[in-house]
Number of protein chains: 2
Amino acid sequence: MPVSNKTDIVAESVVGKGPRRLRKKAAASVVVSDPSGPSSVALDLGELNELLGYSLKRAQLRIFEDFLRCVAPVKLTPAQFSVLLLLDRNPGRNQTEIAMTLGILRPNFVAMLDALENRGLCTRQRSPNDRRSHVLMLTDKGRTTLAKAKKLVADKHEARLIDVLGPRQHRAMLEMVAKLAKEL
Amino acid sequence: MPVSNKTDIVAESVVGKGPRRLRKKAAASVVVSDPSGPSSVALDLGELNELLGYSLKRAQLRIFEDFLRCVAPVKLTPAQFSVLLLLDRNPGRNQTEIAMTLGILRPNFVAMLDALENRGLCTRQRSPNDRRSHVLMLTDKGRTTLAKAKKLVADKHEARLIDVLGPRQHRAMLEMVAKLAKEL
DNA sequence: TCATAATTGTTATACGCCATATCAAATAGC
DNA sequence: GCTATTTGATATGGCGTATAACAATTATGA
(Lines give C-alpha, C1' and ligand atoms only; values in the text may rest on other atoms or scores of the structure.)
Protein backbone atom coordinates (compact mmCIF):
# COMPACT_ATOMS: atom_id res chain seq x y z
CA MET A 1 0.00 0.00 0.00
CA PRO A 2 1.07 3.52 -0.67
CA VAL A 3 2.82 4.72 2.36
CA SER A 4 3.41 8.35 3.10
CA ASN A 5 5.82 10.17 0.91
CA LYS A 6 7.61 13.32 1.57
CA THR A 7 9.10 14.81 -1.54
CA ASP A 8 6.76 14.08 -4.34
CA ILE A 9 8.06 16.39 -6.94
CA VAL A 10 8.22 14.16 -9.92
CA ALA A 11 5.15 13.86 -12.04
CA GLU A 12 4.15 10.68 -13.71
CA SER A 13 5.19 11.14 -17.28
CA VAL A 14 6.87 14.48 -17.49
CA VAL A 15 9.34 14.50 -14.70
CA GLY A 16 9.88 18.07 -13.77
CA LYS A 17 12.60 18.71 -11.32
CA GLY A 18 12.03 20.99 -8.42
CA PRO A 19 15.29 22.82 -8.01
CA ARG A 20 16.44 24.36 -11.23
CA ARG A 21 19.21 22.41 -12.78
CA LEU A 22 22.14 22.94 -10.55
CA ARG A 23 25.29 22.92 -12.56
CA LYS A 24 27.49 23.28 -9.57
CA LYS A 25 29.33 20.28 -8.35
CA ALA A 26 28.23 20.06 -4.78
CA ALA A 27 31.47 18.36 -3.83
CA ALA A 28 29.60 15.35 -2.62
CA SER A 29 31.59 13.15 -0.38
CA VAL A 30 31.54 10.24 1.96
CA VAL A 31 33.14 9.77 5.29
CA VAL A 32 35.71 7.06 5.09
CA SER A 33 36.15 6.36 8.77
CA ASP A 34 35.27 8.08 11.96
CA PRO A 35 35.38 11.86 11.78
CA SER A 36 37.88 12.32 14.54
CA GLY A 37 41.27 12.21 12.88
CA PRO A 38 42.28 15.02 10.60
CA SER A 39 43.08 12.75 7.68
CA SER A 40 39.75 11.00 7.65
CA VAL A 41 37.57 13.89 6.67
CA ALA A 42 35.77 12.90 3.53
CA LEU A 43 36.60 11.88 0.03
CA ASP A 44 35.49 13.88 -2.95
CA LEU A 45 33.47 11.67 -5.23
CA GLY A 46 33.96 14.00 -8.16
CA GLU A 47 31.64 13.43 -11.07
CA LEU A 48 30.89 9.95 -9.77
CA ASN A 49 27.40 10.97 -8.70
CA GLU A 50 26.75 12.32 -12.14
CA LEU A 51 27.36 8.85 -13.48
CA LEU A 52 24.00 7.19 -13.69
CA GLY A 53 25.48 3.71 -13.86
CA TYR A 54 27.41 4.23 -10.65
CA SER A 55 24.47 5.17 -8.46
CA LEU A 56 22.26 2.73 -10.31
CA LYS A 57 24.54 -0.14 -9.43
CA ARG A 58 24.63 0.83 -5.78
CA ALA A 59 20.88 1.25 -5.68
CA GLN A 60 20.45 -2.13 -7.30
CA LEU A 61 22.61 -3.78 -4.67
CA ARG A 62 20.65 -2.17 -1.87
CA ILE A 63 17.38 -3.19 -3.45
CA PHE A 64 18.46 -6.79 -3.75
CA GLU A 65 19.60 -6.80 -0.14
CA ASP A 66 16.24 -5.43 0.90
CA PHE A 67 14.51 -8.06 -1.21
CA LEU A 68 16.46 -10.81 0.51
CA ARG A 69 15.59 -9.42 3.93
CA CYS A 70 11.91 -9.11 3.15
CA VAL A 71 11.57 -12.48 1.45
CA ALA A 72 13.81 -14.28 3.95
CA PRO A 73 10.85 -16.07 5.59
CA VAL A 74 10.35 -18.12 2.43
CA LYS A 75 14.05 -18.22 1.52
CA LEU A 76 13.87 -17.13 -2.08
CA THR A 77 16.42 -15.12 -4.02
CA PRO A 78 15.26 -12.57 -6.58
CA ALA A 79 16.19 -14.99 -9.35
CA GLN A 80 14.29 -17.86 -7.77
CA PHE A 81 11.29 -15.66 -7.18
CA SER A 82 11.27 -14.63 -10.83
CA VAL A 83 11.42 -18.26 -11.91
CA LEU A 84 8.48 -19.24 -9.71
CA LEU A 85 6.52 -16.26 -10.98
CA LEU A 86 7.14 -17.27 -14.56
CA LEU A 87 6.28 -20.91 -13.93
CA ASP A 88 3.03 -19.84 -12.33
CA ARG A 89 2.07 -17.62 -15.22
CA ASN A 90 3.32 -20.00 -17.90
CA PRO A 91 2.84 -23.60 -16.81
CA GLY A 92 3.98 -26.36 -19.11
CA ARG A 93 6.95 -24.56 -20.63
CA ASN A 94 10.35 -26.14 -20.92
CA GLN A 95 13.65 -25.06 -19.43
CA THR A 96 14.92 -23.27 -22.49
CA GLU A 97 11.86 -21.07 -22.71
CA ILE A 98 11.83 -20.10 -19.06
CA ALA A 99 15.57 -19.53 -18.92
CA MET A 100 15.70 -17.44 -22.10
CA THR A 101 12.84 -15.26 -20.97
CA LEU A 102 14.71 -14.43 -17.80
CA GLY A 103 18.01 -13.94 -19.59
CA ILE A 104 19.51 -16.99 -17.94
CA LEU A 105 21.76 -19.25 -19.96
CA ARG A 106 20.55 -22.80 -20.21
CA PRO A 107 23.57 -24.38 -18.56
CA ASN A 108 23.20 -22.10 -15.56
CA PHE A 109 19.51 -22.76 -15.28
CA VAL A 110 20.00 -26.45 -14.58
CA ALA A 111 21.38 -26.08 -11.07
CA MET A 112 18.84 -23.39 -10.36
CA LEU A 113 15.98 -25.70 -11.24
CA ASP A 114 17.62 -28.52 -9.28
CA ALA A 115 17.46 -26.38 -6.16
CA LEU A 116 13.81 -25.48 -6.67
CA GLU A 117 12.87 -29.05 -7.52
CA ASN A 118 14.77 -30.44 -4.53
CA ARG A 119 12.78 -28.10 -2.33
CA GLY A 120 9.62 -29.47 -3.85
CA LEU A 121 8.58 -26.16 -5.38
CA CYS A 122 8.40 -27.30 -8.99
CA THR A 123 8.61 -30.41 -11.11
CA ARG A 124 10.33 -31.56 -14.28
CA GLN A 125 8.43 -34.00 -16.46
CA ARG A 126 9.54 -35.37 -19.78
CA SER A 127 7.30 -34.02 -22.44
CA PRO A 128 5.26 -36.67 -24.29
CA ASN A 129 5.43 -34.61 -27.48
CA ASP A 130 9.13 -33.96 -27.41
CA ARG A 131 11.00 -36.33 -25.16
CA ARG A 132 14.03 -34.10 -25.14
CA SER A 133 12.39 -31.33 -23.23
CA HIS A 134 11.12 -31.07 -19.70
CA VAL A 135 7.71 -29.70 -18.93
CA LEU A 136 8.02 -27.43 -15.92
CA MET A 137 5.25 -26.91 -13.43
CA LEU A 138 4.76 -25.49 -9.98
CA THR A 139 3.78 -27.88 -7.24
CA ASP A 140 1.13 -26.97 -4.70
CA LYS A 141 3.92 -26.19 -2.28
CA GLY A 142 5.47 -24.01 -4.95
CA ARG A 143 2.21 -22.15 -5.40
CA THR A 144 1.72 -21.48 -1.71
CA THR A 145 5.36 -20.48 -1.33
CA LEU A 146 5.01 -18.12 -4.26
CA ALA A 147 1.85 -16.66 -2.75
CA LYS A 148 3.66 -15.98 0.52
CA ALA A 149 6.60 -14.50 -1.35
CA LYS A 150 4.37 -12.23 -3.40
CA LYS A 151 2.75 -10.93 -0.26
CA LEU A 152 6.11 -10.29 1.36
CA VAL A 153 7.37 -8.56 -1.75
CA ALA A 154 4.34 -6.32 -2.01
CA ASP A 155 3.84 -5.56 1.68
CA LYS A 156 7.45 -5.27 2.76
CA HIS A 157 9.85 -4.84 -0.14
CA GLU A 158 8.00 -2.80 -2.70
CA ALA A 159 6.30 -0.89 0.11
CA ARG A 160 9.71 0.09 1.38
CA LEU A 161 10.74 1.38 -2.03
CA ILE A 162 7.54 3.35 -2.35
CA ASP A 163 8.10 4.72 1.11
CA VAL A 164 11.55 5.98 0.18
CA LEU A 165 10.72 7.29 -3.28
CA GLY A 166 7.12 8.22 -2.97
CA PRO A 167 4.46 6.53 -5.09
CA ARG A 168 4.74 8.79 -8.09
CA GLN A 169 8.48 8.68 -8.32
CA HIS A 170 8.37 4.96 -7.75
CA ARG A 171 6.07 4.63 -10.74
CA ALA A 172 8.16 7.04 -12.80
CA MET A 173 11.31 5.12 -11.99
CA LEU A 174 9.67 1.86 -12.97
CA GLU A 175 8.92 3.25 -16.39
CA MET A 176 12.31 4.85 -16.90
CA VAL A 177 14.15 1.76 -15.87
CA ALA A 178 12.01 -0.41 -18.11
CA LYS A 179 12.68 1.97 -20.96
CA LEU A 180 16.41 1.75 -20.38
CA ALA A 181 16.35 -2.02 -20.20
CA LYS A 182 14.37 -2.15 -23.40
CA GLU A 183 15.76 0.58 -25.59
CA LEU A 184 19.39 0.79 -24.63
CA MET B 1 29.96 -1.82 -4.45
CA PRO B 2 30.08 0.39 -7.35
CA VAL B 3 31.19 -1.01 -10.45
CA SER B 4 31.65 -4.33 -11.87
CA ASN B 5 31.80 -5.12 -15.45
CA LYS B 6 31.62 -8.22 -17.46
CA THR B 7 30.92 -8.53 -21.09
CA ASP B 8 27.68 -10.28 -21.33
CA ILE B 9 25.18 -10.13 -24.05
CA VAL B 10 21.85 -11.39 -22.96
CA ALA B 11 20.03 -13.13 -25.72
CA GLU B 12 16.50 -11.96 -25.54
CA SER B 13 14.19 -10.17 -27.84
CA VAL B 14 11.60 -7.87 -26.52
CA VAL B 15 8.41 -7.98 -28.42
CA GLY B 16 5.45 -6.27 -26.90
CA LYS B 17 6.63 -2.74 -26.64
CA GLY B 18 3.06 -1.88 -25.86
CA PRO B 19 1.73 1.37 -24.60
CA ARG B 20 3.61 2.74 -21.64
CA ARG B 21 1.60 4.82 -19.20
CA LEU B 22 -0.67 1.91 -18.76
CA ARG B 23 -2.28 1.33 -15.43
CA LYS B 24 -3.60 -2.06 -16.25
CA LYS B 25 -1.29 -4.99 -16.55
CA ALA B 26 -0.61 -5.10 -20.24
CA ALA B 27 0.48 -8.72 -20.00
CA ALA B 28 3.93 -7.81 -21.13
CA SER B 29 5.74 -10.66 -22.68
CA VAL B 30 8.82 -11.82 -24.44
CA VAL B 31 9.20 -13.97 -27.45
CA VAL B 32 11.31 -16.91 -26.61
CA SER B 33 12.12 -18.19 -30.03
CA ASP B 34 10.76 -17.64 -33.47
CA PRO B 35 7.05 -16.97 -33.62
CA SER B 36 6.21 -19.75 -36.00
CA GLY B 37 5.53 -22.72 -33.82
CA PRO B 38 2.41 -22.74 -31.70
CA SER B 39 4.24 -23.28 -28.44
CA SER B 40 6.56 -20.32 -28.82
CA VAL B 41 4.11 -17.50 -28.66
CA ALA B 42 5.15 -15.34 -25.79
CA LEU B 43 5.69 -15.73 -22.11
CA ASP B 44 3.69 -13.78 -19.60
CA LEU B 45 6.04 -11.91 -17.32
CA GLY B 46 3.37 -11.48 -14.70
CA GLU B 47 4.10 -8.90 -12.04
CA LEU B 48 7.77 -9.05 -12.95
CA ASN B 49 7.65 -5.64 -14.58
CA GLU B 50 6.12 -4.21 -11.46
CA LEU B 51 9.22 -5.31 -9.59
CA LEU B 52 11.54 -2.36 -9.56
CA GLY B 53 14.56 -4.46 -8.72
CA TYR B 54 14.00 -6.69 -11.72
CA SER B 55 13.98 -3.97 -14.35
CA LEU B 56 16.62 -2.06 -12.47
CA LYS B 57 19.00 -4.98 -12.64
CA ARG B 58 18.49 -5.40 -16.37
CA ALA B 59 18.91 -1.69 -16.95
CA GLN B 60 22.09 -1.74 -14.93
CA LEU B 61 23.52 -4.54 -17.05
CA ARG B 62 22.71 -2.69 -20.24
CA ILE B 63 24.23 0.50 -18.92
CA PHE B 64 27.45 -1.24 -18.00
CA GLU B 65 27.62 -2.84 -21.42
CA ASP B 66 27.19 0.55 -22.99
CA PHE B 67 29.86 1.98 -20.71
CA LEU B 68 32.32 -0.69 -21.80
CA ARG B 69 31.57 -0.05 -25.45
CA CYS B 70 31.97 3.69 -25.12
CA VAL B 71 35.11 3.61 -23.00
CA ALA B 72 36.68 0.74 -24.93
CA PRO B 73 39.25 3.05 -26.61
CA VAL B 74 40.97 3.56 -23.27
CA LYS B 75 40.18 0.07 -21.96
CA LEU B 76 38.72 0.96 -18.61
CA THR B 77 36.00 -0.85 -16.75
CA PRO B 78 33.47 1.12 -14.73
CA ALA B 79 35.28 0.08 -11.56
CA GLN B 80 38.67 1.19 -12.88
CA PHE B 81 37.22 4.45 -14.07
CA SER B 82 35.76 5.15 -10.65
CA VAL B 83 39.11 4.44 -9.02
CA LEU B 84 40.97 6.82 -11.35
CA LEU B 85 38.34 9.48 -10.75
CA LEU B 86 38.75 9.15 -7.02
CA LEU B 87 42.53 9.19 -7.16
CA ASP B 88 42.41 12.35 -9.25
CA ARG B 89 40.10 14.11 -6.83
CA ASN B 90 41.80 12.77 -3.72
CA PRO B 91 45.50 12.37 -4.29
CA GLY B 92 47.65 11.02 -1.48
CA ARG B 93 45.07 8.72 0.06
CA ASN B 94 45.81 5.15 0.94
CA GLN B 95 44.27 1.95 -0.35
CA THR B 96 41.87 1.48 2.53
CA GLU B 97 40.38 4.93 2.10
CA ILE B 98 39.91 4.65 -1.65
CA ALA B 99 38.59 1.12 -1.48
CA MET B 100 36.15 1.83 1.33
CA THR B 101 34.79 4.88 -0.40
CA LEU B 102 33.98 2.81 -3.45
CA GLY B 103 32.58 -0.04 -1.42
CA ILE B 104 35.41 -2.33 -2.41
CA LEU B 105 36.86 -4.69 0.15
CA ARG B 106 40.54 -4.16 0.76
CA PRO B 107 41.62 -7.63 -0.27
CA ASN B 108 39.86 -7.25 -3.59
CA PHE B 109 41.31 -3.83 -4.15
CA VAL B 110 44.87 -5.14 -4.26
CA ALA B 111 44.64 -6.88 -7.62
CA MET B 112 42.69 -3.97 -8.99
CA LEU B 113 45.43 -1.54 -8.08
CA ASP B 114 48.04 -3.94 -9.41
CA ALA B 115 46.40 -3.78 -12.80
CA LEU B 116 46.25 0.01 -12.82
CA GLU B 117 49.78 0.32 -11.54
CA ASN B 118 51.12 -2.18 -14.07
CA ARG B 119 49.55 -0.11 -16.79
CA GLY B 120 51.36 2.91 -15.43
CA LEU B 121 48.20 4.77 -14.53
CA CYS B 122 48.88 5.21 -10.82
CA THR B 123 51.58 4.66 -8.24
CA ARG B 124 51.90 3.19 -4.77
CA GLN B 125 54.40 4.82 -2.43
CA ARG B 126 55.05 3.91 1.15
CA SER B 127 53.89 6.73 3.35
CA PRO B 128 56.66 8.39 5.37
CA ASN B 129 54.24 9.06 8.20
CA ASP B 130 52.80 5.59 8.42
CA ARG B 131 54.98 3.00 6.78
CA ARG B 132 52.14 0.50 6.74
CA SER B 133 50.09 2.42 4.24
CA HIS B 134 50.58 3.23 0.59
CA VAL B 135 50.09 6.71 -0.75
CA LEU B 136 48.21 6.48 -4.01
CA MET B 137 48.63 8.94 -6.84
CA LEU B 138 47.77 9.22 -10.48
CA THR B 139 50.64 9.32 -12.94
CA ASP B 140 50.66 11.73 -15.87
CA LYS B 141 49.60 8.86 -18.06
CA GLY B 142 46.83 8.14 -15.61
CA ARG B 143 45.65 11.72 -15.80
CA THR B 144 45.58 11.85 -19.58
CA THR B 145 43.87 8.45 -19.72
CA LEU B 146 41.31 9.66 -17.23
CA ALA B 147 40.74 12.80 -19.28
CA LYS B 148 40.10 10.74 -22.40
CA ALA B 149 37.82 8.43 -20.48
CA LYS B 150 35.85 11.31 -19.03
CA LYS B 151 35.31 12.71 -22.49
CA LEU B 152 34.17 9.35 -23.82
CA VAL B 153 31.84 8.90 -20.89
CA ALA B 154 30.31 12.32 -21.29
CA ASP B 155 30.12 12.45 -25.09
CA LYS B 156 29.18 8.85 -25.79
CA HIS B 157 27.91 7.02 -22.76
CA GLU B 158 26.02 9.57 -20.75
CA ALA B 159 24.89 11.21 -23.96
CA ARG B 160 23.34 7.92 -24.99
CA LEU B 161 21.45 7.67 -21.72
CA ILE B 162 20.21 11.21 -22.05
CA ASP B 163 19.20 10.42 -25.58
CA VAL B 164 17.09 7.50 -24.46
CA LEU B 165 15.58 9.03 -21.36
CA GLY B 166 15.51 12.68 -22.21
CA PRO B 167 17.44 15.23 -20.18
CA ARG B 168 14.81 15.80 -17.55
CA GLN B 169 14.11 12.19 -16.80
CA HIS B 170 17.82 11.48 -16.89
CA ARG B 171 18.36 13.98 -14.14
CA ALA B 172 15.32 12.82 -12.24
CA MET B 173 16.54 9.27 -12.40
CA LEU B 174 19.97 10.33 -11.18
CA GLU B 175 18.40 11.83 -8.09
CA MET B 176 16.03 8.97 -7.43
CA VAL B 177 18.73 6.40 -7.79
CA ALA B 178 21.04 8.36 -5.51
CA LYS B 179 18.26 8.59 -2.98
CA LEU B 180 17.72 4.86 -3.08
CA ALA B 181 21.41 4.14 -2.73
CA LYS B 182 21.59 6.48 0.22
CA GLU B 183 18.37 6.00 2.13
CA LEU B 184 17.51 2.39 1.60
C1' DT C 1 58.54 1.40 28.78
C1' DC C 2 56.60 -2.61 27.25
C1' DA C 3 53.16 -5.81 26.26
C1' DT C 4 49.00 -5.94 23.86
C1' DA C 5 45.69 -4.36 20.59
C1' DA C 6 44.64 -2.35 16.24
C1' DT C 7 45.64 -1.12 11.43
C1' DT C 8 47.56 -1.72 6.56
C1' DG C 9 48.48 -4.21 2.69
C1' DT C 10 48.48 -8.73 1.24
C1' DT C 11 47.61 -13.76 0.25
C1' DA C 12 44.73 -17.63 0.11
C1' DT C 13 40.39 -19.31 -0.38
C1' DA C 14 35.53 -20.03 -1.27
C1' DC C 15 31.12 -18.89 -3.11
C1' DG C 16 27.98 -17.20 -6.62
C1' DC C 17 27.03 -15.54 -11.22
C1' DC C 18 28.02 -15.66 -15.91
C1' DA C 19 29.87 -17.56 -20.26
C1' DT C 20 31.64 -21.16 -23.58
C1' DA C 21 32.44 -25.64 -25.34
C1' DT C 22 30.83 -30.06 -25.55
C1' DC C 23 27.95 -34.22 -25.10
C1' DA C 24 24.06 -37.81 -25.52
C1' DA C 25 19.44 -38.25 -26.53
C1' DA C 26 15.81 -36.90 -29.25
C1' DT C 27 13.77 -34.55 -33.07
C1' DA C 28 13.45 -32.06 -37.58
C1' DG C 29 14.62 -31.51 -42.42
C1' DC C 30 15.67 -33.06 -46.56
C1' DG D 1 17.71 -42.79 -43.70
C1' DC D 2 21.38 -39.37 -42.95
C1' DT D 3 22.40 -35.08 -41.48
C1' DA D 4 21.49 -30.99 -38.87
C1' DT D 5 19.29 -29.04 -35.01
C1' DT D 6 17.44 -28.85 -30.44
C1' DT D 7 17.21 -30.00 -25.37
C1' DG D 8 18.97 -30.82 -21.05
C1' DA D 9 23.18 -31.54 -18.93
C1' DT D 10 28.29 -31.47 -17.56
C1' DA D 11 32.66 -29.43 -17.19
C1' DT D 12 35.27 -25.54 -16.96
C1' DG D 13 36.97 -20.78 -16.67
C1' DG D 14 36.51 -15.94 -15.57
C1' DC D 15 35.00 -12.33 -12.65
C1' DG D 16 33.03 -10.11 -8.48
C1' DT D 17 32.55 -10.71 -3.82
C1' DA D 18 33.35 -12.31 0.98
C1' DT D 19 36.13 -14.07 5.05
C1' DA D 20 40.20 -15.63 7.48
C1' DA D 21 44.76 -15.14 8.33
C1' DC D 22 49.49 -13.15 8.26
C1' DA D 23 53.69 -9.89 8.60
C1' DA D 24 54.92 -5.36 9.29
C1' DT D 25 53.86 -1.35 11.54
C1' DT D 26 51.61 1.74 14.65
C1' DA D 27 48.59 2.89 18.61
C1' DT D 28 47.19 2.16 23.32
C1' DG D 29 47.21 1.44 28.12
C1' DA D 30 49.01 -0.40 32.44
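Convention: sequence-line order gives letters A, B, ...; per-chain numbering from 1. Quantities reported herein were computed from a predicted structural model and do not represent experimental measurements.
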- Looking only at D:dT17, D:dG8, D:dA24, the nucleotide nearest the B:Arg132 side chain is D:dA24

- Note on the structure: Testing D:dG8, C:dT10, C:dA26 for proximity to the side chain of A:Gln95, the answer is D:dG8

- Query: Charged N to carboxylate O under 4.0 angstrom, B:Glu47 versus A:Arg89?
  - Reply: yes

- Item | Rounded distance (Å) that lies between atom C1' of D:dT17 and atom CG of B:Leu102 | 15 Å

- Query: Passes side-chain contact (heavy atoms from CB on, under 4.5 Å), A:Tyr54 versus A:Asn49? Steps please.
  - Reply: CA-CA 7 Å; A:Tyr54 177 75; A:Asn49 352 37; 5.8 Å; no

- Query: Would you say B:Thr96 reaches C:dG9's phosphate, i.e. side-chain N/O to OP1/OP2 under 4.0 Å?
  - Reply: yes

- Message: Rounding to an integer number of Å, can you tell me how far B:His134 NE2 sits from C:dG9 C1'?
- Response: 6 Å

- Query: Going through the distances and angles, do B:Asn94 and B:His134 end up as a side-chain contact (heavy atoms from CB on, under 4.5 Å)?
  - Reply: CA-CA 5 Å; B:Asn94 65 29; B:His134 288 166; 5.6 Å; no

- Using whole Å, report how far CG of B:Asp130 lies from C1' of D:dA27. 10 Å

- Note on the structure: Comparing nearest nucleotides in DNA chain D, the 5'-proximal residue of the pair A:Leu113, B:Ser127 is A:Leu113

- Tell me, with the steps shown, if B:Arg171 and A:Glu50 meet salt bridge (charged side-chain N to carboxylate O under 4.0 Å, His left out). CA-CA 9 Å; B:Arg171 172 126 310 269; A:Glu50 298 299 313; 2.6 Å; yes

- Nearest-nucleotide check on DNA chain C, B:Arg126 vs B:Lys57; residue mapping nearer the 5' end is B:Arg126

- Quick one: does B:Leu43's side chain get under 4.5 Å of A:Ile98's, heavy atoms only? yes

- Item | Selected nucleotide, minimal atom distance to A:Asn94 side chain, candidates D:dT7, C:dT27, D:dT26 | D:dT7

- Task: For A:Ile104 and D:dA9, give me the distance from atom CD1 to atom C1', rounded to whole Å.
- Result: 16 Å

- Starting from Watson-Crick (N1-N3 plus N6-O4 or O6-N4) and G-U wobble pairs under 3.5 Å, report the runs of at least three that DNA chain C belongs to. C:1-30 with D:1-30

- Could you give the CZ-to-C1' distance, from A:Arg106 to D:dT5, as a whole number of Å? 14 Å

- Sidechain N-carboxylate O distance under 4.0 Å for B:Arg160, A:Glu183: no

- Task: Select base, sugar-phosphate, or nothing to describe what B:Asn108 touches, counting heavy atoms under 4.0 Å on all strands.
- Result: base

- Task: Report the distance from atom CD of A:Gln125 to atom C1' of D:dG8, rounded to the nearest whole Å.
- Result: 16 Å

- Query: Can you check the B:Met112 CE to C:dT11 P distance for me, whole Å?
  - Reply: 16 Å

- Item | Residue B:Arg131, side-chain atoms from C-beta onward, closest of C:dA28, D:dT19, D:dT26 | D:dT26

- Send over the distance from A:Phe109 CZ to D:dA11 P, rounded to a whole Å. 20 Å

- Task: Please determine, for the side chain of B:Leu105, which listed nucleotide (D:dA27, D:dT19, D:dG8) has the closest atom?
- Result: D:dT19

- Message: Whether the side chain of B:Thr144 engages the backbone of B:Lys141 through a donor-acceptor N/O pair (distance < 3.5 Å, no angle test) should be reported.
- Response: yes

- Nucleotide nearest A:Val110 when distance is taken to its side chain, options C:dT10, D:dT25, D:dT10: D:dT10

- Message: Using side-chain contact (heavy atoms from CB on, under 4.5 Å), reason through A:Val164 and A:Gln169 one step at a time and then give a plain yes or no.
- Response: CA-CA 9 Å; A:Val164 168; A:Gln169 306 214 24; over 6 Å; no

